[in-house]
Amino acid sequence: MAITEPHLIGTDKPQSVESPMAFSTIKFHSQDDLKRIAAYKAVEFVESGMVIGLGTGSTAKHVVDRIGELLNLGKLTNIVGIPTSKKTHEQALALGIPLSSIDEHHVVDLAIDGADEVDPMLNLVKGRGGSLLREKMIEGACKKFIVIVDESKLVDYIGGSGLAMPVEVVPFCWYFTAKQLEKLFEDCGCVGKLRSVDGEECEPYVTDNGNYIVDLYFKKDIGDLKAASDSMMRLTGVVEHGMFIDMATTVIVAGELGISIENKQELV
């Protein structure tokens with residue numbers, strides 16, 4: 001079913017999509033515009049009374065802004081937000097969004113977040129913004145997980161962008177852990193680099209959880225994602241990795257041709 005224009009009303013239920021890809025005819029011109037349109041479309045799935053996982057990053061920021069706006073307009077009520085980072089927590093508080101945690105709400109109705117890569121089976125790479133552990137904890141507890149991206153994030157396989165696949169590690173002996181990670185994927189030409197603050201190599205980036213991030217770069221497809229996940233998680237010192245496997249239920253993509261929506265069940 002073609003979507004002829006982006007809907008910006010958060011209280012209406014989203015229309016069903018008959019095919020995996022539904023395109024509009026509107027053309028957008030900046031990447032930030034695409035992120036905002038995808039975010040606003042995702043907020044249409046939000047209903048009053050929901051517990052919502054609030055993502056982190058430049059795309060998710062638009063979601064939090066929109067939810068705050070609709071709450072202030074009275075078009076959404078009784079929303080509880082669960083932020084995935086300190087940054088999102090501060091943004092949501094400033095907008096007047098009531099907040100809680102998964103300690104108090106064990107089941108989250110809906111989470112909306114961006115992604116760094118999306119493969120054809122809706123597997124993701126997340127965490128280039130540094131919040132992968134909290135994102136995975138909260139988004140793993142939700143009934144529905146909507147991912148919003150612009151079309152530049154679509155890849156043929158995980159790692160296909162050539163950009164970082166982050167792994168959160170404990171600071172103690174991080175270099176040893178990084179070398180162990182490289183060894184796991186040596187057949188894929190893997191190189192691991194400690195993430196630094198704004199390119200300052202002498203100052204490691206520290207996550208909200210007090211850990212470091214080792215960014216992995218691959219020259220080839222790493223193959224079986226679940227096997228790769230299991231191998232990484234067996235390494236002492238690894239806290240979590242940025243592959244979100246079989247977690248997304250819906251992906252909303254904004255591109256030059258407009259908006260497309262893919263649902264997980266349609267790919268099975």
Side-chain angles (χ1 to χ4, degrees), residues 55-60 84-88 113-140 145 147 149-150 152-248:
T56 297
S58 58
T59 308
T84 56
S85 67
K86 292 179 180 178
K87 186 174 183 179
T88 299
D113 205 353
D116 302 305
E117 292 184 3
V118 180
D119 79 3
M121 295 305 295
L122 308 190
N123 298 308
L124 317 171
V125 169
K126 290 178 51 57
R128 290 179 191 157
S131 301
L132 61 139
L133 176 59
R134 296 191 185 193
E135 288 173 338
K136 189 172 283 190
M137 290 178 68
I138 293 167
E139 289 154 8
F145 176 27
V147 177
V149 295
D150 65 83
S152 70
K153 304 302 173 64
L154 303 180
V155 295
D156 293 330
Y157 57 88
I158 290 299
S161 69
L163 300 176
M165 199 284 284
V167 181
E168 188 161 341
V169 302
V170 296
F172 179 73
C173 293
W174 69 264
Y175 183 78
F176 176 78
T177 305
K179 290 303 175 183
Q180 292 292 100
L181 287 165
E182 285 184 343
K183 187 176 180 181
L184 279 181
F185 302 108
E186 58 186 350
D187 291 343
C188 303
C190 178
V191 175
K193 296 181 180 179
L194 181 68
R195 185 176 300 185
S196 57
V197 177
D198 297 328
E200 297 291 334
E201 293 185 4
C202 60
E203 185 178 356
Y205 175 88
V206 179
T207 71
D208 287 346
N209 315 297
N211 297 315
Y212 289 173
I213 288 181
V214 173
D215 287 320
L216 301 183
Y217 299 86
F218 304 105
K219 294 182 179 178
K220 298 178 182 178
D221 187 347
I222 63 174
D224 187 327
L225 299 183
K226 292 183 179 179
S229 171
D230 290 343
S231 296
M232 284 189 281
M233 295 307 296
R234 282 198 295 266
L235 292 178
T236 304
V238 169
V239 178
E240 189 53 86
H241 59 73
M243 293 191 301
F244 285 50
I245 304 169
D246 292 332
M247 289 182 62

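When reading the values below, keep in mind they use all heavy atoms of this one structure, side chains included, and skip hydrogens, waters and symmetry mates. All residue numbers in this chain count up from 1 along the given sequence.
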Dump the intermediate steps for side-chain contact (heavy atoms from CB on, under 4.5 Å) on Thr236 and Phe176, then the final yes or no.
CA-CA 10 Å; Thr236 304; Phe176 176 78; over 6 Å; no
Residues two or more places apart in sequence or in another chain: which of them pass side-chain contact (heavy atoms from CB on, under 4.5 Å) with Lys220?
Cys188
Salt bridge check: are Lys193 and Asp215 linked by an N-O gap of less than 4.0 Å?
no
I'd like to know whether Val167 forms a side-chain contact (heavy atoms from CB on, under 4.5 Å) with Val238, so could you lay out the CA-CA distance, the side-chain angles of the two residues, the decisive distance to 0.1 Å, and finally the verdict.
CA-CA 7 Å; Val167 181; Val238 169; 3.8 Å; yes
What distance separates His241 NE2 from Leu133 CG, expressed to the nearest 0.5 Å?
11.0 Å
Do any N or O atoms from the side chain of Ser196 and from the backbone of Tyr205 form a donor-acceptor pair under 3.5 angstrom?
no
Is there a side-chain contact between Met243 and Ile222 (heavy atoms, below 4.5 Å)?
yes
Scanning both residues in full, the closest heavy-atom pair of Leu216 with Cys190 reads CD2-SG, 3.9 Å
Below 4.5 Å, heavy atoms only, C-beta onward: do Lys226 and Ile245 meet side chain to side chain?
yes
Glu168 and Thr207: side chain donor to acceptor below 3.5 Å
yes
Let me confirm one number: the CG-OG distance from Leu154 to Ser161, rounded to the nearest 0.5 Å.
11.5 Å
Going by heavy atoms in the side chains, are Ile158 and Leu124 under 4.5 Å from each other?
no
What heavy-atom pair brings Gly55 and Ala60 nearest, and what distance separates the two atoms?
C-CB, 3.4 Å
Given side chains that start at C-beta, do those of Tyr212 and Leu194 come closer than 4.5 Å, heavy atoms only?
yes
Flag the pair Leu235 / Leu181 as yes when at least one side-chain heavy-atom distance between them is below 4.5 Å, and no otherwise.
yes
Just wondering, do Leu122 and Val147 contact through their side chains at under 4.5 Å, heavy atoms?
no
Between Phe218 and Phe185, is the ring centre distance below 6.0 Å?
yes
Considering all heavy atoms of both residues, which atom of Pro166 and which atom of Arg195 are nearest to each other, and what is their separation?
CB-NH2, 3.7 Å
When you check the side-chain N and O atoms of Thr84 and Ser131, is any donor under 3.5 Å from an acceptor?
no
Return yes if some donor-acceptor pair links the side-chain N/O of Asp208 with the main-chain N/O of Lys86 below 3.5 Å, else return no.
yes
So which atom in Val118 and which in Ala115 form the shortest heavy-atom distance, rounded to 0.1 Å?
CG2-CB, 4.1 Å
I need the full list of salt bridge (charged side-chain N to carboxylate O under 4.0 Å, His left out) pairs touching residues 115-138, with sequence neighbours left out, sorted by first then second residue.
Asp113-Lys126, Glu117-Arg128, Lys126-Glu135, Lys136-Glu240
Any chance you could measure Met232, atom CE, to Thr177, atom OG1, to the nearest 0.5 Å?
13.0 Å
Do Val206 and Asn211 have side chains that get closer than 4.5 Å, going by heavy atoms?
no
Sub-4.5 Å side-chain heavy-atom contact between Val239 and Asn209
no
Which heavy atom of Val155 sits nearest a heavy atom of Pro120, and at what distance?
O-CD, 3.3 Å
Is the shortest side-chain N to carboxylate O distance from Glu186 to Lys183 below 4.0 Å?
no
Can you list the residues that meet the salt bridge (Lys or Arg N to Asp or Glu O under 4.0 Å) rule with Asp221, with sequence neighbours excluded?
none
